[in-house]
Amino acid sequence: KDTDFIDFFNKIIDRFEMTKSQEVTFRRKLPRYPIYVTIDQDKLTQVIDNIISNALKYSPEGGLVSFKVEEHGNTIQISISDQGMGIPKKSLDRIFERFYRVDRARSRKMGGTGLGLAIAKELITAHGGHIWAKSVEGKGTTIFFTLPADLSEEDDWE
Ligand code: ATP
Ligand code: MG
């Protein structure tokens, strides 16, 4: 029932790192100790797969994709950053709407339906978390999401 998020996340990143065809570098900044969360692994896999696919889809050759996990009290914050074309400010919230895509020409070339992040938002919300984006056009994009972490040490004494 309890999943070590660090191990779970590392395995997903490994899968992308082994199969990616582009010249893109992965960088991980993850704690070296386990952080337990209660999640539906299939659904979280779907969320993370989409975010990483987007990061790769919009990354330039030679770009860097960074993965980070930070603890903030009883929540963990996960972020995935790329050095791609970025997202205009006015579109930043809209990318989580169904079928919303930043620009039609760009999107047609890139493929996809515009559902990935809408589904991600639904699934993260259902897990008690939040999801949002920060981006600078021409520099890159970071997608953040949070998940409640299971209270650790104290519980061991009960
Ligand atoms: P699908 O995920 O259904 O295959 P999609 O990737 O186009 O299609 P979303 O994942 O929902 O759809 O993303 C919505 C839109 O947000 C994308 O079409 C793209 O315009 C923009 N977007 C998402 N991630 C990034 C990113 N890392 N860099 C630049 N634009 C992005
Ligand atoms: Mg997508």
Side-chain angles (χ1 to χ4, degrees), residues 3 5-31 35 37-72 75-149:
T3 301
F5 188 81
I6 304 304
D7 179 59
F8 170 75
F9 194 30
N10 266 316
K11 283 178 175 148
I12 295 176
I13 302 168
D14 288 342
R15 169 160 53 80
F16 276 91
E17 194 156 41
M18 283 187 294
T19 57
K20 71 183 161 62
S21 52
Q22 286 157 283
E23 206 44 65
V24 169
T25 304
F26 281 9
R27 179 174 296 162
R28 310 182 199 204
K29 283 190 180 164
L30 314 187
I35 300 177
V37 291
T38 303
I39 54 169
D40 181 322
Q41 292 199 6
D42 289 345
K43 290 180 173 152
L44 254 293
T45 299
Q46 196 184 339
V47 169
I48 296 167
D49 277 3
N50 178 61
I51 297 171
I52 301 178
S53 305
N54 286 346
L56 290 174
K57 192 150 73 168
Y58 299 106
S59 276
E61 282 294 306
L64 182 69
V65 174
S66 310
F67 303 89
K68 204 161 165 184
V69 175
E70 291 170 274
E71 283 183 290
H72 292 164
T75 62
I76 59 172
Q77 179 178 297
I78 298 94
S79 60
I80 298 169
S81 308
D82 65 63
Q83 298 181 321
M85 62 186 69
I87 300 167
K89 235 188 179 71
K90 62 174 169 50
S91 301
L92 266 187
D93 290 322
R94 302 205 63 195
I95 60 172
F96 298 100
E97 293 172 13
R98 281 164 186 268
F99 305 116
Y100 184 81
R101 317 194 62 199
V102 169
D103 96 53
R104 283 156 186 261
R106 177 212 279 192
S107 304
R108 214 178 298 116
K109 198 176 68 196
M110 296 293 189
T113 57
L115 275 173
L117 288 175
I119 294 168
K121 184 167 187 176
E122 252 172 55
L123 296 178
I124 291 298
T125 305
H127 278 80
H130 299 281
I131 184 167
W132 69 98
K134 284 186 182 166
S135 187
V136 179
E137 271 190 281
K139 290 245 163 156
T141 301
T142 302
I143 304 291
F144 298 87
F145 66 91
T146 58
L147 288 172

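When a ligand or atom number is given, it counts from 1 through the structure's own listing order. Quick caveat: nothing in here was measured; it's all calculated off a predicted structure.
- Listed by atom number, the atoms of ligand 1 under 4.0 Å from L117 heavy atoms are 9 (P), 10 (O), 11 (O), 13 (O), 23 (C).
- Evaluated by nearest non-hydrogen atom to atom 21 (C) of ligand 1, the leading choice among T113, V102, I143 is V102.
- In this structure, Y100 counts as a contact residue of ligand 1, since one of its heavy atoms falls inside 4.0 Å of the ligand.
- The pair D82-K57 does not count as a salt bridge, with every side-chain nitrogen at least 4.0 angstrom from each carboxylate oxygen.
- With a 4.5 Å cut-off on side-chain heavy atoms, L44 and L123 do not count as touching.
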Apply salt bridge (charged side-chain N to carboxylate O under 4.0 Å, His left out) to E122 and R98, showing your working.
-> CA-CA 11 Å; E122 252 172 55; R98 281 164 186 268; 2.8 Å; yes

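- When only modelled atom types and interatomic distance are considered, T3 and Q41 share a side-chain donor-acceptor pair under 3.5 Å.
- The proximity of D82 to ligand 1, defined as any non-hydrogen pair under 4.0 Å, is limited to the side chain.
- The N/O atoms of G116, backbone and side chain alike, include one that comes under 3.5 Å of an N/O atom in ligand 1.
- The N50 neighbourhood of ligand 1 comprises atoms 2 (O), 10 (O), with distances under 4.0 Å to a heavy atom of that residue.
- Nearest residue to atom 31 (C) of ligand 1 from I87, N54, V65, I52 is I87 (criterion: closest heavy atom).
- Looking only at side-chain heavy atoms (C-beta outward), F67 and I52 come within less than 4.5 Å of each other.
- Residue G84 places no heavy atom under 4.0 Å from ligand 1.
- Closest approach of G86 to T141, counting heavy atoms only: CA-OG1, 3.4 Å.
- Nearest heavy atoms, F96 versus L92: CE1-O, 3.8 Å.
- Using the six-membered ring where Trp is involved, W132 and F144 have ring planes that are parallel, under 30° apart on the 30 and 60° scheme.
- The distance from ligand 1 to the heavy atoms of R101 drops below 4.0 Å at these ligand atoms: 7 (O), 18 (O).
- Of the polar atoms of A118, none of the N or O atoms is found under 3.5 Å from an N or O of ligand 1, judged by distance alone.
- Residue S53 does not count as close to the Mg ion (ligand 2), with no N, O or S atom under 2.8 Å.
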